[in-house]
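Residue numbers run from 1 in the order of the sequence given.
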Amino acid sequence: MAAAASNMSGSVAAHTTGGSSSSAMASGVNNMTFIGYQDSAGLLAPELNPLLVAIQDRHLYNDSKTAVDLVLKESPAEVAAAYRNFTAQASDSGTNSTSSSNVNKEMLQAFVNQTMDPAGSDLIQCQAPDWQPNPPNFLLNLAAAAGNNTTGGDTNASDYRQFGLAVHGLWGLLCRQVSPNVSAAPELHSLLPLPNRTIVPGDRFRETYYWDSYWIIRGLLVSGMQDTAAGLIGNLMAMLERVGHVPNGARVYYLNRSQPPLLSAMVRSVYEASPGAAQLPLLRRALPLLIVEHHYWTNSPKAVKVRDTNGTVHSLSRYWAEWYQPRPESYREDAAQARNITGTSSTNNTRAAQLYHELASGAESGWDYSSRWFADNKTISTIRTTQIIPADLNAWLYQMERNIAWAANLTGNATTYDSFNSAAAARKKAIDALLWDDKAGMWRDGILLPFNSNTSSNTIQNSTNQVYSLTQNPGIFASNFVPLWTGMTQGDAQQGARVVQALQRSSLVGPSGKHTHS
């Protein structure tokens, strides 16, 4: 699902790629540095901060995300100058003031409509060239069952296939092309330019998202749309090449974090849909970029050292967003959470800044927000995402390491093959030692110790030399079983059978599918 939801008045701190928060700025988003996309901004341009705050404070839109997705009609400097004139004319004094105290909601909405185009207007609906209304080889098992003359045909199979075709027909509703204007005038947009068509999750999620793209690609391959699937991978690789990781989504405000690292699985899925020499250029382009992404996930502050009960120190990874202010796409919601929990939304307040960091890190997980991140298992005020060593994240990294080794082997890179096979073996050893619950027959999230929730994790937990211990989270979540899916029981049929039995006992699997937690 799309970032599961990324639903700002208070002081905010400047963001840098080093992850530090400097002195507090005025209310709103200010002085954000978008490394790799320095020219992209839209309403997030620093000079438009007073306007953005006014829009959010007056609730012009029910969804905070709508404001930061608006498209400027003129440069940020020109819109800022127009806003100063607008507020000056509305003031009793007639001075050239940026105060909006005399501007009511209707006046402000009229100004926004005059100076900005709607959210999503920089995306063009399209139809993928490889889409066919009734693709060959589509759901062949169901087609065979529906047309079995011996049994008279399975009507359920026929109904299911017709449902599949109806879903297949939705690709045209979800296909988007980024407008050429985004590349020509990036300062007018928060949207990032992409080289290829994309498939979006839909509704408020009107742009590309990282881990959603994996599930989309799996569906595209069922629909026989391999070229479109490869195009989605090309979009993700283009962003990875520019910023050193695949961002949460294709907006400047998502550059502070990533999402579950499934790019290598996407590459492998597309290759294996029609393996052979024709797909080797994809592997050769992807391999060095996947190594860059691996570095992003396996170095501090995302990677931490953890000592097991035998005294062996391992390296495992966690979610960690480089963000210490309300998320722009969730401005009002995050600020309100901070005021409710800490009494202030100011990033000068250590607890508020820590909360913003934990919320953004939770959004990086795609599980925003699950009780698995909450210390009391029920209340978002106890969120501690960066204290958790997630079983699923580390399983995905194990899968990434094996996929990189696989790609290296196919492209004749023996050194990389050996290196990443060793990395996968080391991660499996760490997961088995620290996250495997032998009594329950499943893996569990780890909780890092020590931890002080009243102290900024930027100083407590962002230490390259810190070695932690951990305790396991006793909760039962779907994420506990992700290592089974990523192949961690291969070669151990007994362990695999135990995990399957634990899943069957968990109450996670029901008639309508799989629940995320019991």
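Not a single donor-acceptor pair under 3.5 Å links the side chain of Thr416 to the backbone N or O of Asn413. Using a distance-only test at 3.5 Å, with no hydrogens or angles considered, no donor-acceptor pair links the side chain of Asn235 to the main chain of Leu194. A distance-only check finds a donor-acceptor pair linking the side chain of Asn196 to the backbone of Gly231 [under 3.5 Å]. Without hydrogens or angle criteria, Gln125 side chain to Gly172 main chain gives a donor-acceptor distance under 3.5 Å. The closest donor-acceptor contact from the side chain of Asp130 to the backbone of Thr228 lies under 3.5 Å. Judged purely by atom type and a 3.5 angstrom limit, Trp215 has no side-chain atom pairing as donor or acceptor with the backbone of Ile217. Side chain of Asp308 to main chain of Thr312: a donor-acceptor pair is present (N/O by atom type, distance under 3.5 Å, no hydrogens or angles). Checked by atom type and distance alone, the side chain of Asn409 never pairs as donor or acceptor with a backbone atom of Ala405 at under 3.5 Å. Side-chain atoms of Lys305 never come within 3.5 Å of backbone atoms of Asn465 as a donor-acceptor pair (strictly under, hydrogens ignored). Checking side-chain atoms of Thr385 against main-chain N and O of Glu358 turns up a donor-acceptor pair under 3.5 Å.
Counting heavy atoms from C-beta outward, Leu191 and Arg251 have side chains that approach closer than 4.5 Å. Contact annotation: the side chain of Leu434 never approaches that of Arg307 to less than 4.5 Å [non-hydrogen atoms, C-beta and beyond]. Taking the side chain as every heavy atom from C-beta outward, Phe477 and Ser371 approach each other to under 4.5 Å. Contact annotation: the side chain of Thr208 never approaches that of Leu232 to less than 4.5 Å [non-hydrogen atoms, C-beta and beyond]. Within the 4.5 Å cutoff, side-chain heavy atoms of Glu241 are placed close to those of Arg285. Between Tyr468 and Leu449 there is no side-chain heavy-atom pair separated by less than 4.5 Å. Side chains of Arg197 and Arg176 form no contact here, defined as non-hydrogen atoms less than 4.5 Å apart. Using a 4.5 Å heavy-atom cutoff, the side chains of Leu188 and Asn181 are not in contact.
Pairing each heavy atom of Tyr210 with each of Pro247, the nearest pair is CB-O, 3.5 Å. Nearest approach of Asp212 to Pro201, heavy atoms of both residues: OD2-CG, 3.7 Å. A pairwise comparison of heavy atoms in Pro281 and Ala278 identifies CD-O, 3.5 Å as the closest pair. Across every non-hydrogen atom of Leu221 and Ala273, the tightest pair is CD2-CB, 3.9 Å. Looking at every heavy atom in both residues, Asp445 comes nearest to Asn480 through N-OD1, 4.4 Å. Contact record, Asn256 with Ala360: OD1-CB, 4.4 Å, taken as the closest heavy-atom pair.
When only modelled atom types and interatomic distance are considered, Ser75 and Glu187 share no side-chain donor-acceptor pair under 3.5 Å. Under the 3.5 Å distance criterion, with hydrogens and angles disregarded, no donor-acceptor pair is assigned to the side chains of Gln354 and Tyr356. No side-chain N or O of Trp367 forms a donor-acceptor pair with one of Ser479 less than 3.5 Å apart. Side-chain contact, Thr386 with Ser361: no donor N or O sits under 3.5 Å from an acceptor N or O. Under the 3.5 Å distance criterion, with hydrogens and angles disregarded, no donor-acceptor pair is assigned to the side chains of Ser179 and Asp122. Checked by atom type, the side-chain pair Arg284/Gln279 shows no donor-acceptor distance below 3.5 Å. With no hydrogens or angles considered, no side-chain donor-acceptor pair links Arg372 and Asn473 at under 3.5 Å. Side chains of Glu333 and Ser64: a donor on one and an acceptor on the other come within 3.5 Å.
Counting non-hydrogen atoms of other residues, nucleotides and ligands closer than 6.0 Å to NZ of Lys429 gives a total of 12 or fewer.
One distance of note links CH2 of Trp297 with CG of Leu393; it measures 5.0 Å at 0.5 Å rounding. With rounding to the nearest 0.5 angstrom, the OG atom of Ser183 is 9.0 Å from the NE2 atom of His189. With values rounded to the nearest 0.5 angstrom, Gln466 atom CD is found 9.0 Å from Leu448 atom CG. Taken to the nearest 0.5 Å, the CD atom of Glu401 stands 9.5 Å off from the OG atom of Ser264. Rounding to the nearest 0.5 Å gives a distance of 10.5 Å between OG of Ser269 and CD of Gln226. Interatomic distance, Trp443 CH2 to Asp432 CG, rounded to the nearest 0.5 Å: 7.5 Å.
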task = List the steps, then state whether side-chain contact (heavy atoms from CB on, under 4.5 Å) holds for Val306 with Val467.
result = CA-CA 5 Å; Val306 188; Val467 178; over 6 Å; no

inquiry  = Trp396 vs Tyr214, test: side-chain contact (heavy atoms from CB on, under 4.5 Å). Steps then yes/no.
reply    = CA-CA 12 Å; Trp396 282 317; Tyr214 173 79; over 6 Å; no

task = For the pair Val200 and Phe205, evaluate side-chain contact (heavy atoms from CB on, under 4.5 Å) and give the outcome as yes or no after the intermediate values.
result = CA-CA 7 Å; Val200 301; Phe205 302 109; over 6 Å; no

ask   = Arg257 and Glu329: salt bridge (charged side-chain N to carboxylate O under 4.0 Å, His left out), yes or no, with the steps?
value = CA-CA 13 Å; Arg257 60 185 186 265; Glu329 77 280 11; 2.7 Å; yes

request  = Mind running side-chain contact (heavy atoms from CB on, under 4.5 Å) on Leu255 and Met239 for me, showing each step along the way?
outcome  = CA-CA 9 Å; Leu255 294 175; Met239 293 187 286; over 6 Å; no

From CA spacing to verdict: side-chain hydrogen bond (donor to acceptor under 3.5 Å, both in side chains), Asp69, Tyr253 = CA-CA 10 Å; Asp69 290 357; Tyr253 51 73; 2.5 Å; yes

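Figure legend: Arg268 and Trp406 shown as a cation-pi pair, the cationic atom lying under 6.0 angstrom from the six-membered ring centre and within 45 degrees of its axis.
At a threshold of 4.0 Å, the pair Lys302-Glu364 counts as salt-bridged, since one of the basic side-chain nitrogens sits closer than that to a carboxylate oxygen.
A search for ring pair (Phe, Tyr, Trp, His ring centres under 6.0 Å) contacts involving Phe420 returns His294, not counting sequence neighbours.
Ring orientation note: the planes of His168 and Trp131 are close to parallel, at an angle under 30° on the 30°/60° scale. Below 30°, between 30° and 60°, or above 60°: for Tyr324 and His357 the angle between ring planes is below 30°, a parallel geometry.
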